[in-house]
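Encoded as structure tokens, the structure appears first; notes follow it.
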There are 2 protein chains.
Amino acid sequence: MNRHDPRMSPKIVDVARTAGVSTATVSRALTAPGKVSAKTRAIVMAAVEETGYIVNHAARNLRRQQTGGIVVLVPNLSNPFFSQILSGIASVLSGAAFNVLIADTQQPKGADRQIIQYLHNNRADGLIVLDGGLPEHIFGNGDRQARPPAIFACEWIEGSEKLSVTIDNVAGAAMAIDHLVQLGHSRIGHVMGPPDNVLTIRRQEGTTAALERAHLPVRREWYFEGDFSLPSGVRAAKAWLALRDRPDAVFCSSDAMACGFMSELHRHGVRVPDDVSVVGFDDIEIAEHFIPTLTTIHQPRTTIGETAARMLLARINGGEDPVQSIRLPVDLVVRESTSAPRIA
Amino acid sequence: MNRHDPRMSPKIVDVARTAGVSTATVSRALTAPGKVSAKTRAIVMAAVEETGYIVNHAARNLRRQQTGGIVVLVPNLSNPFFSQILSGIASVLSGAAFNVLIADTQQPKGADRQIIQYLHNNRADGLIVLDGGLPEHIFGNGDRQARPPAIFACEWIEGSEKLSVTIDNVAGAAMAIDHLVQLGHSRIGHVMGPPDNVLTIRRQEGTTAALERAHLPVRREWYFEGDFSLPSGVRAAKAWLALRDRPDAVFCSSDAMACGFMSELHRHGVRVPDDVSVVGFDDIEIAEHFIPTLTTIHQPRTTIGETAARMLLARINGGEDPVQSIRLPVDLVVRESTSAPRIA
DNA sequence: CTGAAAGCGCTTACAG
DNA sequence: CTGAAAGCGCTTACAG
């Protein structure tokens with residue numbers, strides 16, 4: 001016989017028998033101590049201790065019509081950018097006795113079906129969505145399936161009324177550009193994120209607006225394609241190298257791209273910041289240790305995760321809706337990858 | 001009234017009514033199609049489609065005496081080293097209709113209690129443990145609580161009989177040292193992982209053994225303390241700089257430390273590989289793009305995750321035990337951070 | 001191949 | 001404050 005036999009665990013009825021009370025009283029002592037006399041509570045607690053009782057969540061959830069799980073939809077689990085956000089989410093949620101279920105929206109096989117499964121309320125009590133590229137209707141009401149509340153974090157869906165925790169991407173991009181302008185740069189380029197991504201769009205807007213404010217040229221060929229990844233930064237560097245007339249400062253929409261960009265430039269003998277200044281976005285851990293260390297826009301990633309989790313909890317528990325979308329501030333962190341341009 | 005009303009979802013009884021069969025038949029058609037006639041199955045499937053039925057996992061799990069969840073115990077969720085492993089785990093497990101629950105073993109508050117909770121079989125059907133630093137008895141049988149099967153991945157507990165998916169750390173370290181020896185280095189140092197960690201110990205063993213095989217000095221002051229993190233690599237570099245008699249090649253037990261090490265050396269005008277060669281371990285994404293690109297020992301992280309997940313599944317499903325621990329091979333990836341020593 | 005019925009382990013109105 | 005009892009939505013021997 002299998003040593004792993006679930007039926008060995010004590011049930012609430014075992015505790016009740018040991019304590020000499022009903023299962024109802026045990027249940028109350030555990031979940032609503034105020035409804036039980038101090039004396040009874042003590043007896044029950046002793047019985048819980050003695051039996052080693054632990055609640056069966058499947059049973060509790062079935063009875064309470066909840067799932068005890070929060071699903072986090074991540075665009076790409078293997079991207080380290082998300083790990084700290086997940087960490088923030090997990091710390092708040094597991095403190096609130098929720099399971100954190102993680103689903104990768106870019107999972108190759110049958111991702112759609114799987115995500116849709118998660119969206120049904122018998123699978124999760126709520127969602128935190130880090131991917132703004134999903135079709136909005138899958139979160140929507142309006143069809144026959146009830147859907148659990150969803151909170152967007154980092155990314156969001158334009159025009160959606162769903163709550164979100166975001167940062168000020170336009171301001172962040174503008175801070176990056178303003179920094180370069182103040183250093184004396186007038187020929188500034190931009191490596192963009194993936195097309196259609198909301199972050200890409202906002203950071204591009206912030207970039208363009210700041211350039212225009214400074215009366216600097218906004219040149220189409222200085223807006224390089226990218227997708228936030230390291231390799232796309234390498235490709236952008238190749239595009240930069242291929243230009244005859246090059247920008248002497250580049251703002252990359254992610255740190256990963258900035259690192260790939262600098263890496264490829266270095267391979268071709270172009271020096272940062274002497275030949276070209278580079279600013280990133282995110283402030284991932286390596287930014288502080290890259291060679292050169294990377295000037296970037298800092299995102300409070302743990303706070304983003306924690307805030308999203310707390311907001312979702314408020315949404316799940318509170319009947320009313322004092323909950324509002326939050327936009328967190330970002331900071332410019334100046335390091336070695338930016339300097340005044342060489343005198344031409 | 002709350003628009004998010006779970007009771008709206010169709011139940012198995014709704015499908016049964018629509019199909020004109022019993023709930024038992026619906027259940028069978030869904031989970032054991034072979035036990036139902038083709039005709040009935042078609043009728044049931046049509047009814048499922050029509051009603052939009054989705055199984056309630058809490059109910060199924062309660063009835064089946066399982067949880068549908070696999071817990072992954074991660075030493076530090078915000079460490080990007082683990083994200084690709086998690087990705088491998090998640091892809092296999094969600095394909096098998098398991099939820100992936102992630103718990104951070106270094107979570108500040110009440111981590112112990114929380115992890116213990118997860119260890120009870122009514123919370124998870126199995127565990128994948130990435131932290132070899134937990135006390136073994138918490139996984140053990142022997143007390144009154146049944147425990148779900150656990151598989152170790154990457155790390156493990158020395159002397160434990162639990163199954164594991166690991167890499168050959170001794171061989172990996174030896175490959176790193178042999179590479180340096182072949183380049184002509186004879187003064188070789190080592191930056192270690194956290195004390196007592198099994199990976200630290202094995203890689204240190206491999207290092208020492210390879211040095212001895214090459215008849216090279218094994219000097220205590222050339223074994224630098226570390227903990228796998230970037231900042232600890234920075235500290236190791238400071239220790240290196242403080243030596244009068246320095247090794248001219250250093251094998252770091254993680255890529256993160258190697259990057260921190262090189263970063264700090266660079267700050268002090270020491271060139272890699274001209275002044276000192278550096279080898280890392282892991283082959284994280286940045287290794288290929290650091291300046292200089294990092295020579296390192298490649299770990300198949302996605303495969304580690306997938307293998308651990310599949311092994312756990314086999315353990316959960318199969319009554320017999322053909323399942324065995326697996327040690328995956330590693331490769332040396334030669335890049336720019338290593339070269340022959342300068343002629344002294 | 002199919003159905004009636006029990007039961008998984010809880011929680012919670014309801015009654016006292 | 002406490003207990004008896006119903007019921008959450010499934011699955012699965014058991015009987016036919």
Side-chain angles (χ1 to χ4, degrees), chain A residues 5-45 47-48 51-68 97 120-123 125 145-146, chain B residues 5-45 47-48 51-69 97 117 120-123 125 145-146:
Chain A
D5 185 346
R7 278 154 297 185
M8 289 175 53
S9 328
K11 311 305 171 194
I12 206 169
V13 64
D14 300 314
V15 180
R17 196 180 305 121
T18 304
V21 298
S22 72
T23 58
T25 297
V26 175
S27 178
R28 288 192 198 101
L30 256 24
T31 59
K35 292 188 178 173
V36 169
S37 76
K39 193 169 131 198
T40 309
R41 204 185 315 146
I43 295 172
V44 170
M45 287 325 202
V48 166
T51 54
Y53 172 74
I54 288 195
V55 68
N56 177 316
H57 289 86
R60 167 180 288 178
N61 290 331
L62 175 58
R63 177 55 227 245
R64 286 192 178 162
Q65 295 286 286
Q66 63 184 25
T67 73
H120 289 276
N121 55 5
N122 56 19
R123 186 96 184 202
D125 296 329
Q145 292 297 338
Chain B
D5 185 345
R7 277 154 297 186
M8 289 175 52
S9 329
K11 309 306 171 194
I12 206 169
V13 64
D14 300 314
V15 180
R17 196 179 305 121
T18 304
V21 298
S22 71
T23 58
T25 298
V26 174
S27 179
R28 287 190 199 104
L30 255 24
T31 59
K35 293 187 177 173
V36 168
S37 76
K39 192 169 133 199
T40 309
R41 202 187 315 146
I43 295 171
V44 170
M45 288 325 204
V48 166
T51 54
Y53 172 75
I54 288 195
V55 70
N56 178 314
H57 288 85
R60 167 180 287 178
N61 290 332
L62 175 58
R63 176 56 227 244
R64 285 192 179 163
Q65 296 285 287
Q66 62 183 25
T67 73
Q117 288 260 342
H120 288 277
N121 55 5
N122 55 22
R123 186 96 186 204
D125 296 329
Q145 292 295 340

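Lettering of chains follows the sequences in order, A, B, ..., and the numbering in each one begins at 1.
Taking atom CG of residue B:Asn56 and atom C1' of nucleotide D:dC10, one finds them 7 Å apart after rounding to whole Å. Atom pair A:Leu62:CG and D:dT11:P shows a separation of 12 Å (rounding to whole Å applied). Note: NE2 (B:His57) to C1' (D:dT11) measures 14 Å, nearest angstrom. For B:Ile43 and C:dC1, the CD1 to C1' distance is 13 Å, given to the nearest whole Å. When the P atom of D:dT11 is taken as reference, atom CG of B:Leu30 falls 7 Å away, rounded to whole Å. Distance CD (A:Gln66) to P (D:dG9): 13 Å, rounded to an integer number of Å. Straight-line distance from the CZ atom of A:Arg60 to the P atom of D:dG9: 18 Å, rounded to whole Å. We find that CD1 of B:Ile12 is positioned 19 Å from P of D:dG7, with the value rounded to whole Å.
Position along DNA chain C of the nearest nucleotide to B:Arg64 versus A:Thr23 favours B:Arg64 as the more 5'-ward residue. Along DNA chain D, the nucleotide closest to B:Val26 and the one closest to A:Gly20 are compared, and the more 5′ of them pairs with A:Gly20.
The side chain to side chain donor-acceptor pair (under 3.5 Å) analysis of residues 24-35 of chain B, with sequence neighbours excluded, yields the pairs B:Ser22-B:Thr25.
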Run the side-chain donor-acceptor check on residues 12-21 of chain B: report pairs under 3.5 Å with partners two or more places apart or on a different chain.
from    : atom 1 : to      : atom 2 : distance (Å)
B:Asp14 : OD1    : B:Arg17 : NH1    : 3.4
B:Asp14 : OD2    : B:Lys11 : N      : 2.6
B:Thr18 : OG1    : B:Asp14 : O      : 2.8

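At the phosphate of D:dG9, OP1 or OP2 sits under 4.0 Å from a side-chain N or O atom of A:Gln65. Listed pair A:Ser22 / D:dT2 fails the phosphate criterion, with no side-chain N or O lying under 4.0 Å from OP1 or OP2.
Nucleic acid contact for B:Val13: none, since no nucleic acid atom lies under 4.0 Å from a heavy atom of the residue.
Of all non-hydrogen atoms in A:Ala59 and B:Leu62, the two that sit nearest each other are CB-CD1, 3.8 Å.
Residues A:Val36 and A:Val44 are not in side-chain contact: their nearest non-hydrogen atoms beyond the backbone lie 4.5 Å or more apart.
A distance of 8.5 Å separates CZ of B:Arg63 from CD of B:Gln65, quoted to the nearest 0.5 Å.
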Intra- and interstrand pairs of DNA chain C - dot-bracket, Watson-Crick/G-U under 3.5 Å, | marks other strand
|||.||||||||.|||
Filtered N/O pairs between nucleotides 13-16 of chain D and protein, under 3.5 Å:
from   : atom 1 : to      : atom 2 : distance (Å)
D:dA13 : N6     : B:Arg28 : NH2    : 2.9

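With both ends at atom P, the span from C:dC1 to C:dA5 equals 23 Å, rounded to whole Å. Rounded to the nearest Å, the gap between the C1' atom of D:dG16 and that of D:dT12 is 16 Å. Nucleotides C:dC10 and C:dC14 place their P atoms 24 Å apart, quoted to the nearest Å.
Qualifying side-chain hydrogen bond (donor to acceptor under 3.5 Å, both in side chains) partners for A:Thr40, counting only residues two or more places apart in sequence or in other chains: A:Ser37.
The stretch residues 33-40 of chain B touches DNA chain C through B:Gly34, B:Lys35, B:Val36, B:Ser37, B:Thr40, each having a heavy atom within less than 4.0 Å of the strand.
Counting only N and O atoms by type, the side chains of B:Thr67 and B:Asn61 include no donor and acceptor under 3.5 Å apart.
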